[in-house]
Amino acid sequence: MNLPLVSAEPHNASSNGLVTNAVSVQYKTGSQSVLALSDCTLDIPRGSRATLIGASGCGKSTLLRVFADIVQPTSGSATLHGVPPADARANRLYGLVQQGSTMLPWRTILSNVALGLEISGMSRSEREARAEEALHLVGLKGFEQNYPSELSGGMRQRAAIARALSLRPQFLLMDEPFGALDEITRDRLHIELLRILDETKATLLLVTHSISEAVILSDQVVVMTPRPGKISQVIDIDLGRERSLDMRSDPAFVAYEAQLRRALNH
Ligand SMILES: Nc1ncnc2c1ncn2[C@@H]1O[C@H](COP(=O)(O)OP(=O)(O)OP(=O)(O)O)[C@@H](O)[C@H]1O
Ligand SMILES: [Mg+2]
């Protein structure tokens, strides 16, 4: 497959980004079964920034994992740029930051970040150059040879984001990447993430519990209902491409937060 490493399409140039068609997921454990997702149909345009929001257990991680080819739909289908998740995974089209992602404690930050590139058969010098570049993007220049325990929680989280970025993905799939961070670090990483997305033109799908985070980061917010997880609404956040932390006190921003809160209470 001859796909470009980084999408050059401008925002809204085409749809056909992250698409699901009537996806349902039923988990079976022993005699129990849980319908985690029911009939989810979604179309997130290529190059846009989308967040998934909804109550705990409503299936947000499950939907993200369907795109990442970690969970197989019981029925329905999903594609990324028209490519099935298994092919997207094989061609490393996406970078994944899992919920509560961790670093291997015995490896340096550089070699943790380079880990995702090892399986691709890339030479060590190329892997390390790519990992270094990704660490610089998230502001961790100078910490390459440190071990995870020597970094703060926020820095480790940046390293997890760098690990996803080192693949130079067309899609960034992030499951509550900022959940465990303090507000100041989270604010800084929001702005960094927006800058990185502008630079790489990657499509973002991010899971969050934070209404304010959803508004500041998104072109679309996908609101999910509690079990079985369904998509109840997709709300366009029409605040332009450029975002800043100051926007959070703008009346339009506050109105979106209220709209989301109402949608979540439905
Ligand atoms: N591997 C699994 N095996 C069995 N059931 C699972 C599995 N993963 C998730 N579930 C169930 O599927 C439902 C959806 O889980 P999921 O992790 O997708 O929710 P979530 O919206 O990400 O929740 P949270 O906000 O708490 O992370 C839950 O009821 C959960 O118990
Ligand atoms: Mg989850």
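Read the numbers this way: they start at 1 and go in the same order the structure lists the ligands and their atoms. For this chain, numbers begin at 1 and follow the sequence in order. Computed from heavy atoms alone, side chains included, the values below leave out hydrogens, waters and symmetry copies. Just so we're clear, the structure is a prediction, and the values are computed from it rather than from any experiment.
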Judging by distance only, is a nitrogen or oxygen of G59 under 3.5 angstrom from one on ligand 1?
yes
Can you tell me if an N/O/S atom from T62 lies under 2.8 Å from the Mg ion (ligand 2)?
no
Heavy atom of the protein closest to [atom] (residue, atom name, distance):
atom	value
atom 18 (O) of ligand 1	T62 OG1, 2.5 Å
atom 14 (C) of ligand 1	G57 O, 3.4 Å
atom 26 (O) of ligand 1	S56 OG, 2.6 Å
atom 17 (O) of ligand 1	S61 CB, 3.7 Å
atom 25 (O) of ligand 1	K60 NZ, 2.7 Å
atom 27 (O) of ligand 1	Q99 NE2, 3.0 Å
atom 9 (C) of ligand 1	Y27 CE1, 3.4 Å

Under 4.0 Å from any heavy atom of H209, which atoms of ligand 1 are there?
25 (O)
Check ligand 1 against E176 and write out every atom of the ligand that is under 4.0 Å from a heavy-atom position of the residue.
25 (O), 27 (O)
If you compare all heavy atoms of [X] against all heavy atoms of [Y], which two are closest, and at what distance to 0.1 Å?
X	Y	result
F67	T79	CE2-O, 3.8 Å
I53	L260	CG2-CD2, 4.4 Å
S48	Q220	OG-OE1, 3.3 Å
D43	G17	OD1-N, 4.2 Å
T20	A78	CG2-CB, 4.0 Å
M155	L140	O-CD1, 3.4 Å

Would you call K28 a ligand 1 contact, heavy-atom distance under 4.0 Å?
no
Strictly inside 4.0 angstrom of atom 31 (O) of ligand 1, do you find any protein heavy atom?
no
What do you think, any protein heavy atom under 4.0 angstrom from atom 6 (C) of ligand 1?
yes
Side-chain (S218) to main-chain (A50) donor-acceptor, under 3.5 angstrom
no
Please check if the side chain of E150 supplies one atom and the backbone of Y147 the other of a donor-acceptor pair under 3.5 Å.
yes
If you group Ile, Leu, Val, Met, Phe, Trp and Tyr by side-chain heavy-atom gaps below 4.5 Å, do L35 and L64 land in one group?
no
